[in-house]
Amino acid sequence: MALGPLDKRVRKSRCKACARRRMKSTPSFYHAAIAVGALDLGSPHPSSIVRKGTSRLEALNAYRASIVEFQKEIQGTASIESNACLWTTFFWGLFELMFDNTGDGWVKHIFYGTSRILQIRGPKAHLTGPGRSFFLTVRLFEICRSFFYPEPTFLGEANWILLMDQMWEGDLAEEWHPKENLLDLMTSCSSLGHRMAGLLNPGSTRDQIPEEALLHLASEGIDLRNALFRWSETFAAWRNLDSTHEEDARSTLANIYFHAISIYLSGLFDYRYQFNQILSASLPSDNIQIHVCEILHHTEVAMKTTRLAGILFFFPLRVAGARARTSTQRSAILAMLDRISERSFVVAQAFSRVLKSLWGDKAL
């Protein structure tokens, strides 16, 4: 199951196991894993202020030690392209999400650290073995980052798209889950969004943009909308083949993300007047509300019945929040973000602040 440390069932044990395994060869990774483990230990127990404060201090000291050791390692014989360096920067990112409620540190580590190292290593390094496992874990992080921040993702480049075509060949086909195809479509939606942002800047007018370019963007959006519809039908059929498919946490996550990306794709055209008279991937408002309700319902269920880490719900909750109409919807979103913040990921507070600002006086 390619969720890795994003599943709370394995995060604590994996931190400790990885730390023991690599302690001698990569001290930076050891300290990074200890930092995340210490925060994870302190977060769910707010009743003990002393214990929580001690855990945070231990975590911060380990985090600082990891950075110092990392600098020593890359100046010595260690390669910055190693699997250990990848995991170290990834755990730094997790630490920031759990320690810093702005999200700025996470962006620094995943964009300027993890993603850069992935690109230096190239797709072939992630086709098999440990590199493959890491890539499948971090892929969703990188896709979601591209929705929140202005830098496009490298995953939309041809050589990385080809990697995903080769990832599930042979015996590995048994590990495949339909969410992988949905992530491909999410990457395409992100790439379309970045290209539209570059062409349709706030100061542009329709007269300045060739109509052919607008029609091409609209056509691409419609193709993606149709692809999402086909994915939904195929996914429903796949789930009906085996009852375990429905119970799989990956299926829960895929269902939530389908509704989120459906809204996101519509938003690429809804807020741009250049497409007011052009057939596009925009959805009727009632359809969008259906997607919002589905996101809120299934996320609530997932938080109660699965061990998926709360960070996985930031993108769908942010998208649903942008289209939430009622005080009931908005209260539900803020309540879920509060729970995520209390359990581990304090960066959820940043999403709450953004949504409250967006809603203004109608926040509740």
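The first residue in the sequence is number 1, and the count goes up from there.
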(message) I need the full list of salt bridge (charged side-chain N to carboxylate O under 4.0 Å, His left out) pairs touching residues 101-129, with sequence neighbours left out, sorted by first then second residue.
(response) none

Could you go through residues 281-293 and list every donor-acceptor pair under 3.5 Å that involves a side-chain atom there, pairing it with any protein atom two or more places apart or in another chain?
from	atom 1	to	atom 2	distance (Å)
S282	OG	D270	OD1	2.7
S282	OG	S280	OG	3.3
S285	OG	R325	NH2	3.3
Q289	OE1	Q329	NE2	3.2
Q289	NE2	R323	O	2.9
H291	ND1	H259	ND1	2.9

(request) Identify the residue among F147, F269, Y271 that makes a ring pair (Phe, Tyr, Trp, His ring centres under 6.0 Å) with Y264. (result) F147

Show every donor-acceptor pair shorter than 3.5 Å between a side-chain atom in residues 227-235 and any protein atom, with sequence neighbours excluded, or say none if there are none.
from	atom 1	to	atom 2	distance (Å)
W231	NE1	P178	O	3.0
T234	OG1	R230	O	3.0

(message) For the backbone of L155 and the side chain of T187, can you confirm whether one donor and one acceptor N or O come within less than 3.5 Å of each other?
(response) no

(request) Just grab all the side-chain hydrogen bond (donor to acceptor under 3.5 Å, both in side chains) pairs involving residues 153-166, residues at least two apart or on different chains. (result) E142-T153

(message) I'd like to know if the side chain of E180 and the backbone of W176 have a donor-acceptor N/O pair within less than 3.5 Å.
(response) no

(request) List for me each residue that meets salt bridge (charged side-chain N to carboxylate O under 4.0 Å, His left out) alongside R132, sequence neighbours excluded, and say none if there are none. (result) E175

(message) Looking at I263, is its backbone amide N or carbonyl O close enough to the side chain of S266 to form a donor-acceptor pair, meaning the two atoms are under 3.5 Å apart?
(response) no

(request) Give a yes or no answer on whether the side chain of S251 reaches the backbone of H245 with a donor-acceptor pair at less than 3.5 Å. (result) yes

(message) Going by salt bridge (charged side-chain N to carboxylate O under 4.0 Å, His left out), name the residues that satisfy it together with R239, two or more places apart in sequence or in a different chain.
(response) E246

(message) Give me each pair satisfying salt bridge (charged side-chain N to carboxylate O under 4.0 Å, His left out) with a member in residues 85-94, each pair once, sequence neighbours excluded.
(response) none

(message) Using modelled atom types and a 3.5 Å cut-off, is there a donor and acceptor pairing between side-chain atoms of S188 and backbone atoms of D184?
(response) yes

(request) Dump the intermediate steps for side chain to side chain contact (heavy atoms under 4.5 Å, CB included) on F91 and W87, then the final yes or no. (result) CA-CA 6 Å; F91 272 79; W87 279 108; 3.5 Å; yes

(request) Determine, using ring centers only, whether F351 and F148 are less than 6.0 Å apart. (result) yes

(message) Using a 3.5 Å distance criterion without hydrogens, assess whether the side chain of R64 forms a donor-acceptor pair with backbone atoms of A59.
(response) no

(request) For W92, enumerate each residue passing the side-chain hydrogen bond (donor to acceptor under 3.5 Å, both in side chains) test, keeping only those at least two apart in sequence or located in another chain. (result) S66

(message) Please evaluate residues M303 and L308 with respect to the criterion side chain to side chain contact (heavy atoms under 4.5 Å, CB included), reporting the C-alpha separation (whole Å), side-chain torsions for both, the decisive distance (0.1 Å), and the verdict.
(response) CA-CA 7 Å; M303 290 181 65; L308 291 170; over 6 Å; no

Sequence neighbours left out, cut at 3.5 Å: what donor-acceptor pairs do the side chains of residues 216-224 make with other protein atoms?
from	atom 1	to	atom 2	distance (Å)
E220	OE1	R195	NH1	3.2
E220	OE1	R195	NH2	3.3
E220	OE2	R195	NH2	2.4

(request) Establish, yes or no, whether a centroid distance under 6.0 Å links the rings of F111 and Y149. (result) no

(message) I'd like to know if the side chain of D248 and the backbone of T244 have a donor-acceptor N/O pair within less than 3.5 Å.
(response) no

(message) Assess the residue pair W238 and H177 against the criterion (side chain to side chain contact (heavy atoms under 4.5 Å, CB included)); give the C-alpha distance rounded to whole Å, side-chain angles, the decisive distance to 0.1 Å, and a yes or no.
(response) CA-CA 10 Å; W238 178 84; H177 186 278; 3.4 Å; yes

(message) Please check this pair: side chain of R145 against backbone of E151, looking for a donor-acceptor N/O pair closer than 3.5 Å.
(response) yes

(request) Mark yes or no for whether Y63, through its side chain, and I34, through its backbone, hold a donor-acceptor pair below 3.5 Å. (result) no

(request) Considering non-hydrogen atoms only, spot the tightest contact between T89 and G113 and give its length. (result) OG1-C, 4.3 Å

(message) Can you list everything that forms a side-chain hydrogen bond (donor to acceptor under 3.5 Å, both in side chains) with S146? Sequence neighbours excluded, please.
(response) S190

(message) Before we go on, tell me: are the rings of F70 and F29 under 6.0 Å apart, centre to centre?
(response) no

(request) Return yes when atom CG of D171 has more than 12 non-hydrogen atoms of other residues, nucleotides or ligands closer than 6.0 Å, and no otherwise. (result) no

(message) Is a donor from one side chain sitting under 3.5 angstrom from an acceptor on the other, for Y30 and E69?
(response) no

(request) Could you list who else is in V346's hydrophobic cluster, with ILVMFWY side chains joined at under 4.5 Å, directly or through other members? (result) none

(message) Does anything in residues 253-269 form a salt bridge (charged side-chain N to carboxylate O under 4.0 Å, His left out)? List the pairs, not counting sequence neighbours.
(response) none

(message) L337 vs F314, test: side chain to side chain contact (heavy atoms under 4.5 Å, CB included). Steps then yes/no.
(response) CA-CA 8 Å; L337 289 172; F314 286 155; 4.0 Å; yes

